[in-house]
Amino acid sequence: MPDPAIEDLIVSAADGYPLSMRLYRPVAPHMAVLVSSGTGFPKGFYDRVARYLAGRGAVVLTYDFRGIAGSRPEDLAALEMDYPDWGRLDMPAALEALAEAAPGLPLTHLGHSVGGHFLGFMANHDRFARHAFASVGTGYWGRHHRRYNPLELFFWFGFGPLSLKRHGYVKGGGLWGGTDLPRGVFQTWKRWCLKPAYFADELASTLKPHHFGAVSAPIRSWIFTDDPIATPRTGADLLEVYSQAPRDIVVRSPGDYGVRRIGHEGAFRRGMEPLWDEIADWLERGASP
């Protein structure tokens, strides 16, 4: 297959915030895939899987949430936003940009980590035919792998607050391997991750309006045995918020793909092409007439 044509673009969310996006166009597409990032992962992290899916005949759009990488303002400390803004404002804008670039093609979704959490905040979620989730589970620390607990608790109560005090945002590097994080992302994320319910208990109050109970497109969630965060338990907990959607979980080990490690981010690294074929096969079922 020839390499896809790649275009970088800036698209405004409904509130006017400029979002950095990247579009991959194959020669003869038959479906479209929106790739929604995990927290602190820049769109470039998904370049390999985007190219692979384009090779399978998909128009693919990756994008940076507000405050992240290419969508980071010059003064990140001054950015006023809340974590759900990614779902309410940024994801809908990305979906509309993909729909405009792929007129008439079925629209599907690949969500990594929080990219699968915020689907229910999208007012236009019903445009999706199907969803593939990878490493999507609640952030509640008490149901993560025990060996991971000390690190995340130090992040919530030590590294993160100190970084906010010093910089006005959580600075990437060191303990936090992701991009710089806006204050509003860290504060809400922390609140949720310290509760067994994660954000589900807030859906009836502070998180209104939302559309979690209206999502009806099928969801398949891939969980990996060495992922300390998205475990079979937290993966199932997260899917409960999509109560009207047909949904199932597929549990895989690194050995299933001939690799030594997958963890929370390895599903998108070199060597995971067999997984990407599974995901593409699943999404293509939603693209069939």
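These figures come from a predicted structure and were not determined experimentally.
- When only modelled atom types and interatomic distance are considered, S37 and K43 share no side-chain donor-acceptor pair under 3.5 Å.
- Using modelled atom types, one finds a donor on one side chain and an acceptor on the other under 3.5 Å when comparing Y52 with D277.
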Show, in sequence, the C-alpha distance, side-chain angles and deciding distance for M31 and E284, and conclude whether the side-chain contact (heavy atoms from CB on, under 4.5 Å) test is met.
CA-CA 7 Å; M31 68 173 179; E284 283 175 350; 3.6 Å; yes

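- Aromatic ring centroids of F268 and H112 lie under 6.0 Å apart.
- For H125 and H109, the ring centers sit 6.0 Å or farther from each other.
- Using a 4.0 Å cut-off between a side-chain N of Lys or Arg and a carboxylate O of Asp or Glu, R72 and D180 qualify as a salt bridge.
- Panel note: side chain R25, backbone A101; a donor-acceptor pair is recorded below 3.5 Å.
- Ring centroid separation for the pair W176 and F155 comes in under the 6.0 Å cut-off.
- S135 and D227 share a donor-acceptor pair across their side chains, judged by distance under 3.5 Å alone.
- Rounded to the nearest 0.5 angstrom, S253 OG and I262 CD1 are separated by 7.0 Å.
- Under the 3.5 Å distance criterion, with hydrogens and angles disregarded, no donor-acceptor pair is assigned to the side chains of T231 and H144.
- The closest side-chain heavy-atom distance from F41 to T179 is not below 4.5 Å.
- From R22, atom CZ reaches atom CG of D8 across 4.0 Å, with rounding to the nearest 0.5 Å.
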Got a list of side-chain donor-acceptor pairs under 3.5 Å for residues 239-250, not counting sequence neighbours?
| residue | atom | partner | partner atom | Å |
| --- | --- | --- | --- | --- |
| Y242 | OH | G116 | O | 2.7 |
| Y242 | OH | H117 | O | 3.1 |
| Y242 | OH | L119 | N | 3.4 |
| R247 | NE | L239 | O | 3.2 |
| R247 | NH1 | Y242 | O | 3.2 |
| R247 | NH1 | S243 | O | 3.4 |
| R247 | NH1 | A245 | O | 3.0 |
| D248 | OD1 | R220 | NE | 3.3 |
| D248 | OD2 | R220 | NE | 2.9 |
| D248 | OD2 | R220 | NH2 | 3.2 |

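- Of all heavy-atom pairs spanning E278 and Y257, the tightest one is OE2-OH, 3.1 Å.
- Here E202 pairs with K195 in a salt bridge; the nearest charged N to carboxylate O distance falls below 4.0 Å.
- In summary, the side chains of Y63 and S71 do not present any donor paired with an acceptor at a separation below 3.5 Å, with no hydrogens or angles considered.
- With sequence neighbours excluded, the residues satisfying side chain to side chain donor-acceptor pair (under 3.5 Å) with Y24 are D47.
- Under the side chain to side chain donor-acceptor pair (under 3.5 Å) criterion, R261 pairs with E265, not counting sequence neighbours.
- Between the NE2 atom in H167 and the CG atom in L162 there is a gap of 9.5 Å [rounded to 0.5 Å].
- Residues L19 and A13 approach most closely at CD1-CB, 4.0 Å, considering heavy atoms.
- Proximity of T234 to Y198: side-chain heavy atoms (C-beta onward) are nowhere separated by under 4.5 Å.
- In this structure, the ring of W141 has its center no less than 6.0 angstrom from the ring center of W156.
- Pairs engaging residues 158-179 under the salt bridge (charged side-chain N to carboxylate O under 4.0 Å, His left out) rule: none recorded [sequence neighbours left out].
- With hydrogens and angles disregarded, no donor-acceptor distance shorter than 3.5 Å links the side chain of R143 to the backbone of G139.
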Which pairs would a plain distance check flag for residues 79-87, meaning a side-chain donor or acceptor within less than 3.5 Å of a matching protein atom at least two apart in sequence or in another chain?
| residue | atom | partner | partner atom | Å |
| --- | --- | --- | --- | --- |
| D82 | OD1 | T188 | OG1 | 2.4 |
| Y83 | OH | T39 | OG1 | 2.6 |
| D85 | OD2 | D82 | N | 2.9 |
| W86 | NE1 | R66 | O | 3.1 |

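- Here salt bridge (charged side-chain N to carboxylate O under 4.0 Å, His left out) pairs that include residues 121-142, with residues two or more places apart or in two chains, are E96-R127.
- The distance from atom NZ of K190 to atom CD of E152, rounded to the nearest 0.5 Å, is 13.0 Å.
- A salt bridge links R233 with D237; the closest basic N to acidic carboxylate O contact falls under 4.0 Å.
- The minimum heavy-atom distance between L76 and G67, with the atom names listed, is CD1-O, 3.7 Å.
- Between the side chain of D64 and the backbone N or O of G70, at least one donor-acceptor pair lies under 3.5 Å.
- Put simply, the side chain of W222 never gets that close to the backbone of I279: no donor and acceptor are under 3.5 Å apart.
- A distance of 6.0 Å or more separates the ring centres of F65 and F118.
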